[in-house]
Structures are given as C-alpha cells and as structure tokens.
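Here the structure is laid out as structure tokens; the discussion comes afterwards.
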Amino acid sequence: MKQYVFKRILSTIPLLLIISFVCFVFINLIPSNPAEVALRVRQVPIITEEAIAEVEAELGLNRPFLVRYVSWLFDCLKGDFGISYVNPSRTVAGELARCLPATLQLAGASLVLVILLSIPIGFLCAVYKDGIFDKVMRALVFITTAMPPYWVGLLLMWFISIKLDLLPTSGGGSFAHLILPAFTVSLSYISTYIRLIRNNMLENMKQDYVLYANVRGLPQKVILIKHILKNSMHTCIVAIGMSIPQLISGTIVVENVFAWPGLGTLCISSIFNRDYPIIQAYVLLIGVLFVVFNLLFDILQTVSDPRLRKEGA
Amino acid sequence: MTPVLEASHLSVTLTVGKKRKQLVKDSSFAVYPGECLGILGESGSGKSMTVKSMLGLLDQHFSITGKALFYGKDLLQEKRETLRAMRGKDITMVLQNPMTCFDPLYRIGNQMAETFAAHTNWSPQKIQEESLVILERMQIQNPKEALQKYPHQLSGGMLQRIMIGLAVALKPKLLIADEPTTAIDAITQKEILDAFLEIKQEHQTAMIFITHDLGAIAKVADRLLVMNQGEIVDEGTYSHILHHAQDRYTKLLIEKRQAVMGRYQQVLGGMI
C-alpha cells in the first residue's frame with residue numbers, strides 16, 4: 001500500500017513539469033508584447049522603442065525563452081511567482097493569496113451544497129424511481145444542466161435580488177453575499193451528481209448482493225443505506241475529487257457575474273491587462289490542483305475499497 | 001400431513017410497457033415436512049421465478065396470482081414487512097453465484113452479523129459466537145480469520161458453504177436452494193451436495209432444490225417437478241420420472257442424459 005502511494009506521488013512529478021511548461025508556452029504565445037502593455041498601463045505618454053527595450057530588460061523579457069522558463073520554474077518552486085507587470089509594487093504570490101480565500105470560500109460553500117443536496121435527492125429518486133418526485137427532479141435536472149451558469153446567475157439576481165429584494169446582487173464579505181453565487185456554481189454539479197447517484201443506485205439494485213440481502217430478510221433501510229448507497233457513493237468518490245478543482249476554477253464566470261472578489265475576478269482582469277505573471281501563476285495553480293486532487297482521491301478510493309487495497313499492496 | 005408450503009394455481013406475469021409475458025403458468029405443488037422437492041428445468045423455465053414470487057422478491061413489474069400457503073398462511077397476501085421477517089428466518093435461500101452475493105465492501109463477519117441482527121435480539125458476543133459455530137459446522141478453516149475477510153478473499157466454494165451455513169443457522173422451516181451447484185467447480189459441487197444431504201438427514205428441514213442438473217437432483221431430491229416454459233410438465237420420484245416420463249420434454253432430458261452417460265462409460269471402458 002505504501003509502495004503504491006509512493007509510486008503514485010512520484011508519477012505526478014513529470015506530469016507537473018509538463019503542465020508548467022505548457023502553461024508557460026501558451027502564455028508566451030500571446031501575440032501582444034507585455035512590455036508595451038506595461039508601459040501603457042503605467043500611463044507613459046509616448047511609447048518609444050527605447051522605453052520598450054528598457055522595460056523588457058527590467059522584466060527579463062529579453063532573455064532566451066528556455067532560460068526564462070527555467071528561472072520561472074525555479075522561482076515558482078521557491079514560491080516566488082514574480083511581480084505583476086501592471087502594478088510592480090505587488091507580487092503575484094501576494095495577489096493570489098489575497099484572492100484565494102474568497103474563491104475557496106465560494107468553492108467550499110458550493111461543494112457543501114452539492115453534497116447536501118445531490119446525495120439525498122439522488123437517493124430518493126432511485127428509491128422512488130418513476131414516482132412523482134423522481135419525474136419532477138429529472139425534469140429539473142434536465143433543465144438546469146442545459147442552462148449556462150452565467151445565465152442562471154443573472155436570472156437569480158434578477159428574481160431573488162431585484163424582484164424579491166432578498167439578497168444582495170453582488171460583492172462579497174457577508175454570508176448573504178455568498179448564497180447566490182454558491183448556488184449558481186453548484187447548480188450544474190448538483191444535477192450531475194443527482195443523475196450519477198440515481199443511476200449508480202439503480203445499477204446496484206440489480207446486483208446479486210441486493211437480492212441476497214433481501215433473501216436474508218434485511219430491513220429495507222439497511223439494504224438501501226448501508227449497502228446500495230455506500231456502493232454507489234464509492235464510484236462517485238473519484239468524480240467528487242475531480243469536481244473540487246473544477247469548482248475552484250469554474251468560479252471564474254460566476255465570480256465575475258456577482259463581482260465576487262476572488263481568483264476568477266483577478267484572473268479576468270489580468271487577462272484584460274495582459275498581466276502575464278498572474279495569468280501564468282493562475283493557470284499553473286489550477287493545473288496543480290487538478291493533479292493533486294486526482295492523486296488524493298485515487299489514493300482515497302484505493303484505501304476505501306477492500307478489493308483495490310489488496311491489489312495495490 | 002399439512003404441507004410446509006403449498007402452491008396452488010400460481011401464475012407470474014411480467015408486464016413491461018404494454019407487453020405481457022407469462023413466466024409461470026398455473027403451477028401447483030406442495031412440499032411436506034422433512035421432504036426435499038427437486039425442481040428441474042432448463043434456464044428460463046421459470047424455476048427461480050416460482051420461488052421468488054412466493055417470497056416477495058419480485059418487483060412491481062411482476063403480477064402474481066394464485067395461492068402460496070406456508071403452513072396454511074397465504075404468503076401472497078402477507079405485508080412486505082411480515083414477509084421480510086420470515087425471509088432469512090423461517091424460509092431461507094441459497095443462491096447461485098456465491099462470489100457476487102456478498103457486498104464487496106463489508107467483511108463476512110459483518111454481513112453474517114447483520115443477518116442475525118435482523119432476526120434476533122442477540123448481543124454482539126452471542127452473534128460472534130454463533131457465526132463461529134456456523135463456520136466451524138461448514139468446515140471453514142480458521143473461522144476467526146474468515147470472519148475478518150472480505151468476500152473477494154474467499155473462494156466460491158467457501159462463500160457457498162457460508163451461505164448454506166447462514167441459511168440453516170436460524171432453524172428455518174423451509175430451505176430453498178436455487179441452483180447452488182451451478183457456479184462452482186465439480187469437486188466443490190460434491191462438497192456442497194454433501195452439505196445439503198447432511199442438513200436433510202440431521203435437521204429434517206423441508207427443502208426445495210432447484211437445478212438443471214439431473215445428477216445433482218438425483219442425489220438429494222425425494223420427489224421431482226419438471227418445469228418447461230413456465231409449466232410443470234412432470235412430477236414424481238427420480239426413478240419414476242426416469243422410467244415413466246409423461247412429457248416429451250422430460251423424455252428428451254432423460255434421453256440426452258443417458259446418451260451422454262453412455263458415451264462417458266464407453267470412453268471410460270475404452271480406457272480400462
């Protein structure tokens with residue numbers, strides 16, 4: 001088991017290298033010259049060739065591509081992601097650290113909503129398959145999957161904040177501010193998980209172990225919760241693991257709709273300002289999150305399944 | 001003598017959408033105390049369906065008519081909860097695929113314990129003791145360790161014996177074996193059949209033994225039903241059926257078997 005975990009961790013190193021490289025290459029392929037952009041943002045009245053060359057030297061853009069990549073990579077390993085082009089008084093790490101908590105708060109709240117709503121609803125849909133509850137839920141799931149989050153966000157804002165005047169439309173800080181964006185982010189995940197859990201449970205209900213549990217005269221409650229639900233959740237674990245980084249990165253659009261002061265808002269403004277170090281660090285961060293959570297939940301699944309545990313040992 | 005179980009005019013119909021299919025047609029039979037009734041038939045002939053329908057193990061797509069009297073009480077009229085309480089205690093079953101019948105996520109000990117917990121108010125210690133007794137009786141080596149094992153760590157034969165052990169643990173009035181020898185290898189098959197013979201001799205438990213294997217049924221069954229396409233086509237003792245089969249299908253089954261056995265003996269004879 002230990003060996004398996006160790007192997008899995010080692011295998012992520014080349015993956016992380018590739019991610020960092022691809023992320024660096026893509027950002028550098030952007031056609032506009034960041035030195036020029038930096039000058040413009042700093043409101044330099046006349047942009048001359050000399051001024052551009054000066055800023056290029058200042059930002060280290062005149063060095064060869066690979067040299068820049070390697071030095072950036074080593075700096076990243078030390079936790080130094082560089083300095084914002086647009087606002088040289090701020091470090092990238094500082095900017096990310098400033099915005100990360102708000103995004104984590106939003107993603108965390110969404111995850112809690114996803115788990116709290118999708119498991120019981122998926123469970124009930126499976127138990128009362130083809131009943132009224134199941135049919136209504138399936139229709140809702142179908143509708144909400146088809147609606148893009150930014151539109152849902154706007155609809156909710158219009159209805160709940162403006163028409164009913166219950167919650168603030170945008171901004172951050174209080175719990176009331178969190179509700180609408182968290183719900184918007186989680187909505188499509190809730191639908192996905194309701195479907196996943198419902199189908200998994202229905203699939204499990206056909207298994208021999210359920211028939212045998214009935215043959216042994218176990219109460220329905222025990223069969224449904226202890227056996228069917230646990231077996232169904234099991235296949236959801238990896239999906240949930242992958243949903244966490246998706247939730248963190250997926251807040252971009254919703255954060256902008258609700259002006260939530262998180263990573264997504266930072267990222268979008270950096271994209272508009274051509275603030276490369278921040279975009280780079282953001283893309284890298286999300287990539288690393290995907291790898292780390294994938295690893296974590298793979299290991300978790302292996303630990304929680306007696307069959308895999310043995311093979312992995 | 002009152003029969004343990006008496007089915008009269010039992011029919012099972014499956015309705016999917018607008019299609020209706022009759023899986024069991026107007027079947028009547030009885031099992032008497034201490035007797036082992038064999039039900040013989042090929043796959044899909046409605047053997048398992050017959051017993052599952054009486055125990056309330058079919059979902060709402062199946063409609064069941066007729067009567068299934070268990071000591072005079074009609075099982076088909078009982079509430080779900082009453083039936084559940086009877087299953088696993090008064091009427092127990094041994095199923096076909098031991099490898100997939102246990103939940104892969106729980107230890108054997110846990111799954112045995114939950115069965116006892118559903119039917120008795122035994123303390124955890126008592127449950128543990130009884131589980132060990134069962135495993136010992138079924139000749140499982142290192143019973144203490146076996147309780148801690150997950151299903152995938154045990155062989156099909158062992159799981160099958162645990163299933164049989166669990167089925168007789170609470171002294172049922174009727175034991176139903178649904179093709180218990182189909183999914184396991186020939187050597188283990190013999191052990192499993194011996195286990196059933198032993199139960200029959202020791203506890204005098206009434207049994208229904210479902211199989212498509214004439215050899216297996218010949219060993220344990222006192223009386224035979226032959227089912228074909230949802231209908232009972234022949235009934236009698238093994239030798240009676242062997243020599244006086246009424247139905248064309250039964251005759252075919254016996255002929256085939258005799259042909260196979262004849263060929264088998266020929267080959268063996270040639271070798272000696």
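Treat the numbers as computed from the prediction; the structure is a model and nothing was measured. Each chain gets a letter, A, B and so on, in the order the sequences are listed, and its residues count up from 1.
- For chain A, the option among B:V94, B:I91, B:N110 with the highest count of heavy-atom pairs below 4.5 Å is B:N110.
- Contact annotation for A:V222: only side-chain heavy atoms (C-beta onward) come within less than 4.5 Å of a heavy atom of chain B.
- Under the 4.5 Å side-chain criterion, counting only non-hydrogen atoms from C-beta, B:E114 is in contact with A:R216.
- The part of B:K52 that comes within reach of chain A is its side chain, from C-beta onward, which places non-hydrogen atoms under 4.5 angstrom from that chain.
- Counting heavy atoms of neighbouring residues, nucleotides and ligands inside a 6.0 Å radius, atom CG of B:N121 does not exceed 12 of them.
- Exactly one of B:T92, B:L95, B:L55 qualifies for a side-chain contact (heavy atoms from CB on, under 4.5 Å) with A:V215. That residue is B:L95.
- When heavy atoms are compared at a cutoff of 4.5 Å, B:M163 approaches chain A by way of both its backbone and its side chain.
- Note: A:Y212 OH to B:L159 CG = 9.5 Å, rounded to the nearest 0.5 Å.
- Using a 4.5 Å cut-off between heavy atoms, B:L166 touches chain A through its side chain atoms alone.
- Note that the NZ atom of A:K226 and the CG atom of B:L105 stand 10.5 Å from one another [nearest 0.5 Å].
- For B:K89, the NZ atom sits in a loose shell: 12 or fewer heavy atoms of surrounding residues, nucleotides or ligands are nearer than 6.0 Å.
- Ranked by non-hydrogen atom pairs under 4.5 Å with chain B, the options A:Q207, A:Q220, A:K230 are led by A:K230.
- For the residue pair B:R87 and A:N214, the shortest heavy atom distance occurs at NE-O, 2.7 Å.
- Proximity to chain A (any heavy atom under 4.5 Å) is shown, for B:D90, by neither the backbone nor the side chain.
- In this structure, the portion of B:Y150 lying under 4.5 Å from any heavy atom of chain A is its side chain and not its backbone.
- Atom CH2 of A:W151 has 12 or fewer heavy atoms from other residues, nucleotides or ligands within 6.0 Å.
- Within 6.0 Å of OH on B:Y71 lie more than 12 heavy atoms contributed by other residues, nucleotides or ligands.
- Proximity to chain A involves both the backbone and the side chain of B:Q111, based on heavy atoms less than 4.5 angstrom apart.
- The heavy-atom pair separating A:P219 from B:A118 by the smallest distance is CD-CB, 3.9 Å.
- In this structure, A:L77 places its CG atom where more than 12 heavy-atom neighbours from other residues, nucleotides or ligands lie under 6.0 Å away.
- Residue A:Y150 places its OH atom among 12 or fewer non-hydrogen atoms of other residues, nucleotides or ligands, all under 6.0 Å distant.
- Counted within 6.0 Å of CZ on A:F159, heavy atoms from surrounding residues, nucleotides or ligands total 12 or fewer; the atom is thus considered open.
- Note: B:D103 leads B:D103, B:T100, B:T115 in heavy-atom pairs under 4.5 Å with chain A.
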